[in-house]
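Notes follow once the structure below has been shown.
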There are 2 protein chains.
Amino acid sequence: MSKLRSAPTLDDVARQAGVSTATVSRCLNAPDRVVEATRQRVMQAVEALGYTPNFAARVMAAKRTFTIGAIIPTMENAIFARGLQAFQEELHKRGYTLLVSSSAYRPEVEEEQIRTLVARGADGLLLIGHDRNPQIHDYLERQKVPAMVAWSYIPNARAPSIGFDNRQAMQALADRVIGLNHTRIAMISGVSEGNDRARLRIEGARDALRKRGLNPDSLSIIETSYEVENGAEAFARLISQSPHPTAILCGNDVLAAGALRQAQSMGLNVPEDVSITGFDDIELARIVSPALTTVHVPHREMGSKAALELVEMVENSTPGSTIRLQTEIVERQSLGPANNS
Amino acid sequence: MSKLRSAPTLDDVARQAGVSTATVSRCLNAPDRVVEATRQRVMQAVEALGYTPNFAARVMAAKRTFTIGAIIPTMENAIFARGLQAFQEELHKRGYTLLVSSSAYRPEVEEEQIRTLVARGADGLLLIGHDRNPQIHDYLERQKVPAMVAWSYIPNARAPSIGFDNRQAMQALADRVIGLNHTRIAMISGVSEGNDRARLRIEGARDALRKRGLNPDSLSIIETSYEVENGAEAFARLISQSPHPTAILCGNDVLAAGALRQAQSMGLNVPEDVSITGFDDIELARIVSPALTTVHVPHREMGSKAALELVEMVENSTPGSTIRLQTEIVERQSLGPANNS
DNA sequence: ATGAATAATGCAAGCGCTTACATTGCTGGC
DNA sequence: GCCAGCAATGTAAGCGCTTGCATTATTCAT
């Protein structure tokens with residue numbers, strides 16, 4: 001309460017500098033529309049008073065926030081960190097501020113966060129993946145807040161997206177695995193419901209089996225949430241099958257790290273006894289040993305291009321274009337030829 | 001522009017429901033001050049129009065945002081993730097929204113973010129560590145925005161803090177190391193300038209040497225930023241000394257993971273040839289092998305208590321108290337007895 | 001039934017800023 | 001020296017919401 005009584009306002013600055021509030025406002029937002037001498041006087045007053053413009057007031061008057069919101073499924077691991085970092089750097093260059101929140105992979109939380117961000121006046125939104133209640137896009141449209149989807153490339157989806165073809169990427173990896181004579185293959189996937197990336201990666205793996213003449217239904221899949229513990233546990237379950245799989249495809253590097261740890265604690269050698277692959281190529285993939293063979297995703301490129309595209313959508317009311325990025329398989333040590341004994 | 005023309009306002013809802021804007025406002029903010037029948041009518045109108053309150057307007061009128069800001073040094077690794085998660089969960093329970101931004105360990109960026117968050121009306125701020133330009137606290141005081149420091153416990157500092165005694169914690173760990181007959185000890189620290197945690201951990205290590213009758217200056221220290229690569233590189237440099245250190249204390253688990261990787265790639269066995277310790281006990285510590293002996297920090301507890309404390313400060317204008325949390329050493333496999341050959 | 005007390009609702013004044021439009025002050029061509 | 005024309009500045013109307021106070025409806029003891 002006394003908070004606002006004490007913080008100096010535009011009015012205070014104007015009075016102190018002996019000009020009108022309009023002039024002060026212009027000094028701050030369009031310095032060239034004000035003559036040098038005046039500006040100096042104003043700036044002095046600003047300094048002297050330690051004035052900081054009130055954001056809410058500015059937003060109300062100008063109807064622009066120069067804020068972009070992003071809602072990511074999790075901050076607990078590094079999956080989205082690097083891309084988001086690039087996203088925010090690019091945004092910053094363009095004069096925008098990024099607000100991030102995480103939904104913990106819960107659709108209803110995501111929805112709430114979207115509404116919160118919109119109510120806060122986000123000029124645009126970055127969302128991860130396409131799976132969500134279509135009503136949300138109606139809402140966004142009504143509110144005229146453009147949204148861009150990242151980490152998933154799906155042409156002609158409801159929202160423009162930038163990402164890679166999850167299905168094709170996993171297919172390529174699985175194909176490589178099969179090429180090493182693996183036939184008993186299993187998969188530890190993220191929860192596919194509400195997660196198009198997870199679902200498409202599963203499909204990709206099946207595609208590869210099919211293409212190579214194996215039965216796609218022979219792929220045993222455990223779906224679990226993306227945590228190291230869960231990867232470990234799933235691994236233990238899969239490996240107890242007999243005959244056990246010789247290769248385990250993991251939905252991401254975190255799950256793979258868990259699987260790897262479990263393998264080691266069970267005294268299994270990777271890749272001699274069992275191969276394990278990851279996905280994403282986050283730092284973790286190079287930290288564990290053996291280092292993970294995984295799919296490299298161009299996180300930074302995705303982040304910065306998403307920013308460019310989204311700013312474009314915001315500033316020129318364009319519909320936004322859908323961009324496909326390439327992934328590539330990074331061979332390290334966790335994948336080897338099958339030991340079909 | 002048309003954005004606001006199209007989005008329904010309180011006025012629209014009021015008209016549609018045949019009541020005044022005040023009533024609508026009350027329905028939303030103090031439902032019990034309005035009679036059931038009216039509220040239903042209003043809520044129907046809200047639904048029908050798909051009304052979302054305008055945050056900026058609300059803030060202007062109410063002078064409260066129910067928003068807390070947090071500025072952390074980095075989102076690129078998991079150091080702050082778990083604590084922040086708990087912080088935000090607790091905040092959410094109390095009806096607050098968390099805004100997070102990262103300063104990339106750069107003081108000037110942190111300062112800018114603080115101003116941004118304050119301008120956006122954050123009711124309170126969570127900051128990491130005590131090292132910063134004291135002017136910032138003057139500013140915060142003038143703006144009447146309470147701030148709480150986490151990850152560092154320093155009584156009688158400018159701001160109340162919740163954390164652990166970094167110095168004592170590292171001292172205890174180093175003491176344990178020395179107890180295993182290590183005498184040639186080195187340290188890979190984070191950059192200590194502007195980072196009280198890093199500095200105090202170094203001091204703690206020296207304390208331990210001193211206490212055990214070793215020369216604290218014999219501790220060779222490499223300061224580097226908290227990235228895996230840097231840990232690896234620093235390790236390589238330290239180990240090339242002759243005689244090389246038998247134990248390397250790392251400023252955090254990330255550096256330790258890098259050191260470990262480097263050791264392995266140089267064909268050294270940990271802990272037989274060289275011991276490595278971490279700090280923080282993030283998930284990574286259990287993923288690498290050998291798993292890291294490290295200092296466990298009660299991240300979640302720190303986060304949720306910080307939230308409680310900060311909300312208290314915001315709502316009752318209390319000065320906030322400084323809280324000390326305990327850490328404990330987690331023994332895993334990366335630390336062993338010295339091989340003083 | 002009746003009036004006092006109380007609950008429900010309405011009225012209207014801002015919150016701090018931007019910006020369209022109005023006003024004032026200068027410039028220079030004649 | 002005068003005035004058209006433009007640059008610099010000022011005036012004031014909102015932006016959408018909350019809330020203190022005023023007004024009206026309801027309740028209940030008598």
Side-chain angles (χ1 to χ4, degrees), chain A residues 1-42 45-46 49-66 118-121 123 143-144, chain B residues 1-43 45-46 49-67 118-121 123 143-144:
Chain A
M1 0 228 72
S2 67
K3 172 171 178 174
L4 285 214
R5 189 180 306 287
S6 65
T9 71
L10 242 209
D11 243 342
D12 299 328
V13 177
R15 205 164 320 119
Q16 168 110 3
V19 298
S20 74
T21 60
T23 301
V24 178
S25 176
R26 282 191 279 258
C27 278
L28 267 27
N29 302 308
D32 37 311
R33 295 186 65 318
V34 108
V35 92
E36 177 64 15
T38 317
R39 200 182 55 213
Q40 290 205 350
R41 205 146 28 95
V42 169
V46 166
L49 267 44
Y51 168 76
T52 323
N54 178 304
F55 181 73
R58 183 193 292 246
V59 170
M60 279 214 65
K63 313 215 162 62
R64 278 295 301 282
T65 61
F66 284 95
V118 168
R120 277 169 190 274
D123 292 334
Q143 300 278 340
K144 305 252 196 303
Chain B
M1 355 230 77
S2 68
K3 172 172 177 172
L4 285 215
R5 190 181 305 288
S6 65
T9 73
L10 243 209
D11 244 342
D12 298 329
V13 177
R15 205 164 319 118
Q16 169 109 5
V19 298
S20 73
T21 60
T23 300
V24 178
S25 175
R26 282 191 278 258
C27 277
L28 268 26
N29 302 308
D32 38 312
R33 296 187 69 300
V34 109
V35 92
E36 177 64 15
T38 317
R39 200 182 54 213
Q40 290 206 350
R41 205 146 29 95
V42 169
M43 285 321 204
V46 166
L49 267 44
Y51 167 77
T52 323
N54 177 304
F55 181 74
R58 181 193 292 242
V59 170
M60 279 214 66
K63 316 223 161 58
R64 278 295 302 283
T65 61
F66 283 95
T67 295
V118 168
R120 276 168 191 271
D123 292 334
Q143 301 277 340
K144 303 251 196 304

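Chain A is the first sequence line, chain B the second, and so forth, proteins listed ahead of strands; every chain is numbered from 1. Given the structure is predicted, the values throughout are model-derived calculations rather than measurements. Basis for what follows: all heavy atoms, side chains included, without hydrogens, waters or symmetry-related copies.
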If the condition is side chain to side chain contact (heavy atoms under 4.5 Å, CB included), which residues does B:Val59 pass it with, not counting sequence neighbours?
A:Ala56, B:Phe55, B:Thr65
Nucleotide of D:dA12, C:dG14, D:dC15 approaching B:Ala61 most closely (side-chain heavy atoms)
C:dG14
For A:Arg58 and D:dC17, give me the distance from atom CZ to atom P, rounded to whole Å.
21 Å
Judged by nearest nucleotide, the residue sitting upstream toward the 5' end of DNA chain C, B:Ala57 or B:Thr21, is B:Thr21
How long is the line joining CZ of A:Arg26 and P of C:dC21, in whole Å?
14 Å
Between P on D:dT19 and CZ on B:Arg64, what's the gap in Å once rounded to a whole number?
10 Å
Heavy atoms from C-beta onward define the side chain here; which of D:dT18, D:dA12, C:dC17 lies closest to that of B:Leu10?
D:dT18
Closest non-hydrogen atoms of A:Val13 and A:Val24, given as atom of the first, atom of the second and distance, are CG1-CG1, 3.8 Å
Of all the choices, D:dG16, D:dT19, D:dG10, which nucleotide is nearest to the side chain of A:Val19 once you look at every atom?
D:dG10
Mind checking whether B:Val34 and B:Thr23 have side chains closer than 4.5 Å, heavy atoms only?
yes
Has A:Thr23 got a side-chain N or O lying under 4.0 Å from the OP1 or OP2 atom of D:dG10?
yes
What pair of heavy atoms forms the shortest contact from A:Arg41 to A:Gly18, and how long is it?
NH1-O, 4.1 Å
So, do B:Val19 and B:Val42 sit near enough that their side-chain heavy atoms are less than 4.5 Å apart?
yes
Separation between CG (A:Leu10) and CG (A:Leu49), nearest 0.5 Å, reads 11.0 Å
Between C:dA8 atom P and B:Arg41 atom CZ, what is the distance in whole Å?
14 Å
B:Asp11 has an atom CG; how far is it from atom C1' of C:dA12, in whole Å?
12 Å
Rounded to whole Å, CE of A:Met60 lies from C1' of D:dA13 at a distance of 13 Å
So, is A:Ser20 near the phosphate of D:dG10, with a side-chain N or O under 4.0 Å from OP1 or OP2?
yes
Salt bridge (Lys or Arg N to Asp or Glu O under 4.0 Å) with B:Asp123: of B:Lys144, B:Lys63, B:Arg64, only one passes, and it is B:Arg64
Atom CZ of B:Arg120 and atom P of C:dC17: how far apart are they, to the nearest Å?
15 Å
Sugar-phosphate only, base, or nothing, as touched by B:Tyr51 at under 4.0 Å among non-hydrogen atoms
sugar-phosphate
Short of 4.0 Å, heavy atom to strand atom, which residues of residues 27-37 of chain B count as contacting DNA chain C?
B:Arg33, B:Val34, B:Val35
Under 4.0 Å from OP1 or OP2 of C:dA8: is there any side-chain N or O of B:Thr38 that close?
no
Rounded to the nearest Å, what distance is computed from the CD atom of residue B:Gln40 to the P atom of nucleotide C:dT9?
12 Å
B:Lys63 side-chain proximity, nearest of D:dT19, C:dT18, C:dC15
C:dC15
Minimum-distance nucleotide to A:Pro53 side chain [options: D:dT18, C:dC17, D:dG16]
C:dC17
A:Gln16 and A:Asp11, any side-chain heavy atoms less than 4.5 Å apart
no
